[in-house]
Amino acid sequence: MANKRWPENWQDVTPGCIVSEPGSASQYHTGDWRAQRPIWDNTKCIKCGVCYIFCPEGCIIEKEDGFFEADLDYCKGCGICAHECWPLAIKMVEEG
Amino acid sequence: MGKRKGMEIALAAAEAAALCRPDVIAAYPITPNTHIPEHLSDIVAEGRLDAEFICVESEHSALSACMGASGAGARVFTATSSQGLLYMAEIMAIASSMRLPVVMALGNRALSGPLNIWNDHSDIMSQRDTGWISLFASHGQEVIDMVIQSFRIAEDRDVMLPININLDGFQLTHVVEVMDFPLQEEVDAFLPVYKPYASLHPDHPCSMGTLGLPEIFAEATRAREAAVVNSRKTILKVWDEWEKRFGRRYEPIESYKMKGAEVAVLTMGSMGETAEVAIDALREKGVPVGLLKLKLWRPFPYEDLQKAVKGVKSLIVMDRAVSFGGPGGPVASEIRSALYDDPNRPDLTNYIFGLGGRDVTVEDFITMIDKVRLADKKRPKEHYEFYGVRGE
C-alpha cells in the first residue's frame, strides 16, 4: 500500500478517529485485496453498462470508445460484474 | 443563591437538563425514567426551552439521534432505563469511540427477567465497558448537580466523552425531595456554549465513525482508554469549581464518619443514604464503623479508594447486581482487584442485595455490619453472600 498513512502511535490518533480530509478513502487501494480480476471480451460486450451500474466499488470506468474497464487500484475482484454481465463478456481470471 | 423547591427527582433531573439549554433531546419512554423526558417535552412545549425534542420510535434511535445531533455540534440529552439501555447497547460503545459528549440520565432498573420494573444496578453494569463516564447519585440534589456538571465535563476538550448519571429507579426517580435549583444565570456562567472539536458542516467537511482496520483499531482503542482515564482530571477540576460556585463538594468517594473506622461499608447510589442512618446508630453505640459512597464508577478512582480504606480492617461492599458465575458482584470484584497489590488491604465481604426493588432498610445494614464485625474476623467461605434472599 503505497499511500497508507496510519498514525504513528496511539497518541497521534485524532479524537474519535475523525478524518478531516474529504475523500481520503481513495488513498486506500482496496485493489490490494483482489484475488481475481475481471477481463472484458469486447467482441461480446454490447456496451449496456450493467457492469458499471452493479459494481459496488464504483470502480468500473466507461472508456471513450464506449467499452468498459475496471480501475485495478480499487477493484476488489468480487466478480459481481461478471455475474451480472448477461452477454457473458466478462471473465474472472486468477491474479498472478 | 439558587431556589429551594420540593419536587419529584425525575422532574428535577429534567429541570436541571433544561437549565443546561440542550439543543436536542431524543428519548423513548420506559419506566422508571419516563418522567424525565416527559417533563422535558412539557418544558419544550411550553416554550421555556428552545430545543428540538425528537419523539423517536426506540432507544436505539434515541441514542442514534443524539449522536447525529452531537456530531452536528448540538448539545444533547437523553434518558433511559434497563431494557431501554440494552436497546441502546449497540450505539453505546460507538458514542464513546466517536467521542461525542452525550449526556444521559439513567433511572436504574433491573434487567428482565423475570420482568421487573424496579431498581437495581444490573442495567448499567451490563454497559460498564462501553467507554462512558459513569456517575452515581445518592439523592436528588446530587442528581440535579451531576446533570449540570455532566455537560461541562463531557463537552470539555480534554474529555469529549459521553456520560451517564445513574439514579436509582423509584428510590430516586419517584421520590419527592427538597432541592436547591441553581438559577439560570448561575448555570449559564458555569456552563459555556458548546464548541465542538469538529462538527458535520459543509464548510468544514469531515468523516466521523469511519472504518477502523486492524492496522488502527488497537491504537484507537488505546487512545479511547487514555481519554476515559484522563477525564478524571477534568471531573475533579469541574467538581472543585462547582464547590466554589454552589457550595456543595463532590468527591469520587465520599467518606462518612470514617475517622477511626475499623469497619467500612461501601455503597453506590441511593442505599448510601440508608446506610448513613445505620452508621449513625452504630457509632452512637461506640462501634468504629464508617461509610464510603462511591460516586465515580468510571473512570474508577483507584487512588481515592486506596486512601479511603487506610486503617480499615474490614470492608463491606454492597452490590445491587450479580455477575453470574463471576467472583462476586461487579462492584466488589472491582474493589478486590483494585486493592490486590495493597499489602495492608482490608478483609472484604461482599453482600448482594436490594435486587429488583427489594427494600433495603437501616436494620438490614446493621445486621450485615454486625455479621461481619462479630464474625471472628474470618473471611466468609464464599466470595460473596446474597442477603435477604429466602432460603439463604
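Keep in mind that what you see is a predicted model, and the values were worked out from it rather than measured. Values reported hereafter were calculated over all heavy atoms of this structure, with side chains retained and with hydrogens, waters and symmetry mates removed. Protein chains get the first letters and strands the later ones, always in sequence-line order, with residue 1 at the start of each.
Near-neighbour residues of residues 85-105 of chain B relative to chain A, defined by a heavy atom under 4.5 Å from a heavy atom of that chain, comprise B/Ser97, B/Met98, B/Arg99.
Closest non-hydrogen pair, B/Glu219 versus A/Trp10, comes out as O-CB, 3.4 Å. Residues A/Ile18 and B/Ala198 approach most closely at CD1-CB, 3.7 Å, considering heavy atoms. The two residues A/Ser20 and B/Cys206 have their closest heavy-atom pair at CA-CB, 4.0 Å.
Shown here is A/Phe67, whose CZ atom has more than 12 heavy atoms of other residues, nucleotides or ligands within 6.0 Å. Around the OH atom of A/Tyr52, the shell of radius 6.0 Å holds no more than 12 heavy atoms that belong to other residues, nucleotides or ligands. For A/Glu8, the CD atom counts as loosely surrounded, since its 6.0 Å shell holds 12 or fewer non-hydrogen atoms of other residues, nucleotides or ligands. Applying the 6.0 Å contact sphere to CD of B/Glu52 captures no more than 12 heavy atoms from other residues, nucleotides or ligands. The environment of A/Lys63 atom NZ is dense: over 12 non-hydrogen atoms of other residues, nucleotides or ligands sit within 6.0 angstrom. Remark: B/Lys233 NZ is loosely packed, at most 12 non-hydrogen atoms of other residues, nucleotides or ligands lying under 6.0 Å away.
Only the side chain of A/Val13 comes within less than 4.5 Å of a heavy atom of chain B; its backbone N, CA, C and O stay farther away. B/Leu161 does not touch chain A: none of its heavy atoms, backbone or side chain, sits under 4.5 Å away. Residue A/Asn9 touches chain B through its backbone alone, counting heavy-atom pairs closer than 4.5 Å.
Taking the ring-ring contact (aromatic ring centres under 6.0 Å, His included) definition, one finds that A/His83 meets it with nothing, sequence neighbours left out. The side-chain hydrogen bond (donor to acceptor under 3.5 Å, both in side chains) test applied to B/Tyr250 returns B/Asp145, not counting sequence neighbours. With sequence neighbours excluded, the residues forming a side-chain hydrogen bond (donor to acceptor under 3.5 Å, both in side chains) with B/Asp240 are B/Arg249, listed by chain and number.
Residue A/Pro15 forms a side chain to side chain contact (heavy atoms under 4.5 Å, CB included) with just one option from B/Arg224, B/Arg157, B/Met160, and that option is B/Met160.
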